[in-house]
Amino acid sequence: MSAAELKAETKDIVLDEVFPHAPETIWKTLTSAQLIARWLMKPTGFEAVVGNTFTFQTTPGGNWDGVIHCRVLEVVAFRRLVYAWKGGDARNTGYGAPLDTTVTWSLTPVEAGTRIQLVHAGFVLPRNESAYTVMSGGWKKVVRQLDEISGEES
């Protein structure tokens with residue numbers, strides 16, 4: 001490990017909300033490719049099956065083509081969905097720098113509906129500072145849209 005890697009710090013984005021929808025409704029919104037396209041980005045090849053690989057396309061930057069490579073790591077119906085989220089290019093600094101993270105959605109039934117926790121883990125700082133900053137605000141918007149779409153599905 002280099003001195004820079006030893007000094008690197010990892011950060012996670014954590015959002016915790018309660019939505020007035022059943023876990024089954026939110027699960028459908030989290031695991032339907034057509035619905036994911038409405039609240040996040042259009043996935044290519046998504047299925048909620050462990051080992052399945054899929055991609056998202058976002059804005060390219062520098063040497064990065066904008067493709068986010070994902071692989072489903074864990075599926076517990078109506079409770080938990082985990083996938084790897086990788087992208088970027090080693091020649092980039094700032095936007096489009098290499099990113100090797102994990103997205104975890106946890107659903108817990110509560111009296112008011114469902115507690116949803118999103119953890120996007122593994123941002124390595126300072127390399128992923130740009131992605132961390134942009135995605136911290138971005139995930140807040142995404143989770144609000146997830147709530148809206150889930151409301152339409154209930």
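Values below: all heavy atoms of this structure, side chains included; hydrogens, waters and symmetry mates excluded.
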So how far is it from [X] [atom1] to [Y] [atom2], rounded to the nearest 0.5 Å?
X	Y	atom1	atom2	answer
Gln145	Thr29	CD	OG1	12.5 Å
Lys11	Glu129	NZ	CD	6.0 Å
Thr104	Asp12	OG1	CG	9.0 Å
Lys28	Gln34	NZ	CD	9.5 Å
Thr58	Asp65	OG1	CG	11.0 Å
Met135	Asn128	CE	CG	9.5 Å

List the steps and the verdict of side chain to side chain contact (heavy atoms under 4.5 Å, CB included) for Trp85 and Leu99.
-> CA-CA 8 Å; Trp85 178 290; Leu99 188 66; 3.8 Å; yes
Near-ring test Phe46/Phe56, centroid separation under 6.0 angstrom =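 That pair fails the under 6.0 Å test.
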Are Trp139 and Trp39 close enough that their ring centers fall under 6.0 Å?
->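 No; Trp39 has its ring centre 6.0 Å or more from that of Trp139.
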Quick check: is [Y] connected to [X] through a chain of hydrophobic side chains (ILVMFWY, heavy atoms under 4.5 Å apart)?
X	Y	result
Val124	Val134	no
Leu35	Met41	yes
Leu73	Phe123	no
Tyr83	Phe78	yes
Ile26	Val119	no

Indicate the atoms forming the closest heavy-atom contact of [X] with [Y], along with that distance.
X	Y	result
Asn92	Pro98	O-CD, 4.2 Å
Trp27	Thr31	O-OG1, 2.7 Å
Leu30	Ile36	O-CD1, 3.3 Å
Gln117	Val14	NE2-CG1, 3.9 Å
Thr55	His69	CG2-ND1, 3.9 Å
Arg127	Ala97	O-CB, 3.6 Å

Checking side chain to side chain contact (heavy atoms under 4.5 Å, CB included) for the pair Trp105/Leu146: CA distance, chi angles, key distance, verdict?
-> CA-CA 12 Å; Trp105 295 95; Leu146 173 70; 3.8 Å; yes
Report yes or no: do His120 and Thr101 form a side-chain donor-acceptor pair below 3.5 Å?
->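 A pair is found: one side chain offers a donor N or O, the other an acceptor, under 3.5 Å apart.
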Ser150 side chain to Thr25 side chain, donor-acceptor N/O pair below 3.5 angstrom |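 On atom types as modelled, these side chains do not qualify, holding no pair under 3.5 Å.
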Dump the intermediate steps for side chain to side chain contact (heavy atoms under 4.5 Å, CB included) on Leu118 and Val143, then the final yes or no.
-> CA-CA 8 Å; Leu118 162 69; Val143 168; 4.1 Å; yes
Taking NZ, NE, NH1 and NH2 as the nitrogens, is one of them in Arg38 or Glu152 under 4.0 Å from a carboxylate oxygen of the other?
->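 Answer for the salt bridge query: yes.
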Carboxylate-amine/guanidinium contact Arg80 Glu74, below 4.0 Å |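 A salt bridge is present here (some side-chain N lies under 4.0 Å from a carboxylate O).
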4.5 Å side-chain heavy-atom contact, Pro20 and Asp147 |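 Side chain of Pro20 against side chain of Asp147, heavy atoms only: contact under 4.5 Å found.
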Are the side chain of [X] and the backbone N or O of [Y] linked by a donor-acceptor pair below 3.5 Å?
X	Y	answer
Asp89	Arg91	yes
Thr114	His21	yes
Asn52	Arg71	no
Asp100	Lys86	no

Would you please test Leu107 and Arg79 for side chain to side chain contact (heavy atoms under 4.5 Å, CB included) and show each step?
-> CA-CA 5 Å; Leu107 307 179; Arg79 294 283 185 259; 5.5 Å; no
